[in-house]
Amino acid sequence: MPEGHTLHRLAKNLTTLFAGRHVRASSPQGRFTEAAALLDGRLCAGASAYGKHLFIRFDRPEVVHVHLGLYGSFRSGSQPGPAPKGALRLRLETAESYADLRGATVCELIEPEGVGQILARLGSDPLQRKADPETVWTKVHRRRTPIGAVLMDQTVLAGVGNVFRAEALFAHGIHPLRPANTMTRDEFDALWLTVSIMLRAGVRVGRIVTTKPEHRDRRSGQARGEDAHYVYRRTDLPCRLCGTPVRKEELAMRNSYWCPNCQRD
DNA sequence: GCTAAATGTTGAT
DNA sequence: TCAACCTTTAGCT
């Protein structure tokens, strides 16, 4: 289940597996058959990610554009891959490796200009080397909508989803409902830095882990599930810092979690 | 074993 | 505003 870090990790992985190789493409499910036939046997040029969008390139102008949505997944492994079953949208494979795409909101073959159009409507992605917080600040300090909604708005900042929203705001004691235009420049800079660090850690680890070891319930092993977060999905459980029950409320169509004591404004 | 909810967006109404 | 996407997992039984 993907926020920006998942897509960047995936792009890296697909590039390792397929760049510079001739790749077989098929759509056992049938919803991507025509495009798969066009790409079958072509030389793969690699994959890249921006925000939550993934692009796969071949030795032809068209580009595969994928958005995983809420429960899409791109799973890879060594051959022989499992027999195709269920709604397998796209399988890419070489003699050595396979990668299976399921459940994506978007899987389409687009013209090269289409990539620019998609990037044009996205805000700055903290995972890009040239990420630009200035354009994000400009939008943030003009909006009266809650900062918790603005953080999730992909036209403002690309790659942040519900987990990073909850955890980044908690890290700075900011209430999700606080109007974005009341944020000071210092507060915004700190939040941007935190989001950048959290996303990078996510790419490295392959999961979202925001808790410091001393704040976890279990002291041994890797933090998993609820143990890996301060407030996300911890409704009514005691805040790891102050013990106040964590609250939940819907914000921007998703459940928002916060500690009413640590995040007062 | 079953159900509901989930790290998200699109497109119809 | 809401269904669709159609998988996975947590939390019940």
Side-chain angles (χ1 to χ4, degrees), chain A residues 1-11 27-32 49-55 65-77 82 84-91 99-108 110 114 117-123 125-127 148-171 176 194-211 217-218 223-237 246 248-258:
Chain A
M1 300 185 190
E3 292 193 31
H5 67 297
T6 306
L7 282 300
H8 285 258
R9 203 160 212 270
L10 193 49
S27 178
Q29 174 202 43
R31 281 186 56 185
F32 198 60
Y50 194 102
K52 300 171 188 169
H53 296 256
L54 177 74
F55 303 98
H65 169 223
V66 172
H67 193 296
L68 294 179
L70 185 55
Y71 51 74
S73 69
F74 221 141
R75 304 261 176 102
S76 61
K85 66 166 201 233
L88 179 50
R89 184 83 56 89
L90 170 64
R91 170 170 283 186
D100 286 354
L101 175 67
R102 298 172 177 279
T105 294
V106 176
C107 174
E108 59 181 0
I110 59 177
Q117 289 167 13
I118 290 162
L119 298 190
R121 60 171 198 253
L122 293 173
D125 173 357
L127 285 176
V150 174
L151 271 187
M152 298 264 289
D153 184 339
Q154 302 298 300
T155 69
V156 174
L157 196 157
V160 170
N162 206 14
V163 182
F164 286 123
R165 159 175 82 171
E167 298 296 299
L169 289 176
F170 175 85
T194 293
V195 165
S196 306
I197 290 170
M198 284 183 173
L199 279 164
R200 288 205 162 76
V203 174
R204 200 170 56 244
V205 180
R207 295 178 291 117
I208 302 177
V209 176
T210 57
T211 50
D217 295 333
R218 297 161 235 124
R224 298 201 175 277
E226 176 248 298
D227 205 38
H229 312 130
Y230 283 102
V231 289
Y232 176 72
R233 288 251 253 172
R234 298 195 75 241
T235 316
D236 295 333
L237 291 171
V246 171
K248 170 180 87 164
E249 213 168 284
E250 195 161 292
L251 173 58
M253 302 194 312
R254 318 299 306 284
N255 282 324
S256 180
Y257 305 84
W258 75 97

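Order of the sequence lines fixes the chain letters, A, B, ..., with proteins taken first and strands second; residue numbering starts at 1 for each chain.
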Q: Take atom P in C:dA3 and the same atom in B:dA5, then report the distance between them in whole Å.
A: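 So the two P atoms sit 14 Å from each other.
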(Q) If I pick the C1' atom on C:dT1 and the same atom on B:dT7, what distance separates them, to the nearest angstrom? (A)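 Looking at atom C1' only, B:dT7 and C:dT1 are 23 Å apart.
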Check every strand shown and say whether [X] touches a base, only sugar-phosphate, or nothing at a heavy-atom separation below 4.0 Å.
X      : result
A:R9   : nothing
A:F74  : nothing
A:R233 : sugar-phosphate
A:G161 : sugar-phosphate
A:Q29  : sugar-phosphate
A:R207 : nothing
A:F164 : nothing

Q: Hey, can you tell me if A:H65 and A:F55 have their rings parallel, tilted or perpendicular (30° and 60° cut-offs)?
A: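 Parallel: the ring planes of A:H65 and A:F55 meet at under 30°.
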Q.
Just to verify, which of A:L169, A:V231, A:L251 counts as forming a side chain to side chain contact (heavy atoms under 4.5 Å, CB included) with A:S256?
A. A:L251
Interatomic distance where [atom1] belongs to [X] and [atom2] belongs to [N] [whole Å]:
X      : N     : atom1 : atom2 : answer
A:H67  : C:dA4 : NE2   : C1'   : 15 Å
A:Y232 : C:dT9 : OH    : C1'   : 12 Å
A:L88  : C:dT8 : CG    : C1'   : 16 Å

Q: Shoot me the first and last contacting nucleotide of DNA chain B against chain A, ordered 5' to 3', at under 4.0 angstrom to non-hydrogen atoms.
A: B:dA6 to B:dT10
Q. Hey, mind stepping through A:S73 and A:L68 against side-chain contact (heavy atoms from CB on, under 4.5 Å) and telling me if it holds?
A. CA-CA 6 Å; A:S73 69; A:L68 294 179; 5.6 Å; no
Q | Centroid separation A:F170 to A:H229 less than 6.0 Å | A |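 Here the rings of A:H229 and A:F170 have centres that are no less than 6.0 Å from each other.
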Q | Which residue lies more 5' along DNA chain C, comparing A:R75 with A:T105 via nearest heavy atoms | A |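 Closer to the 5' end of DNA chain C: A:T105.
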Q | Residue whose closest nucleotide on DNA chain B lies nearer the 5' end, A:T6 versus A:V106 | A |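 Nearest-nucleotide comparison on DNA chain B picks A:T6.
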Q) Do A:E249 side-chain atoms and A:Y257 backbone N/O form a donor-acceptor pair below 3.5 Å? A) no
Q. With sequence neighbours left out, what residues match A:R234 under salt bridge (Lys or Arg N to Asp or Glu O under 4.0 Å)?
A. A:E226
Q. Does A:R89 make a side-chain N or O approach to OP1 or OP2 of C:dC6 shorter than 4.0 Å?
A. yes
Q | Test ring-ring contact (aromatic ring centres under 6.0 Å, His included) applied to A:H8 and A:Y50, step by step | A | CA-CA 8 Å; A:H8 285 258; A:Y50 194 102; 7.7 Å; no
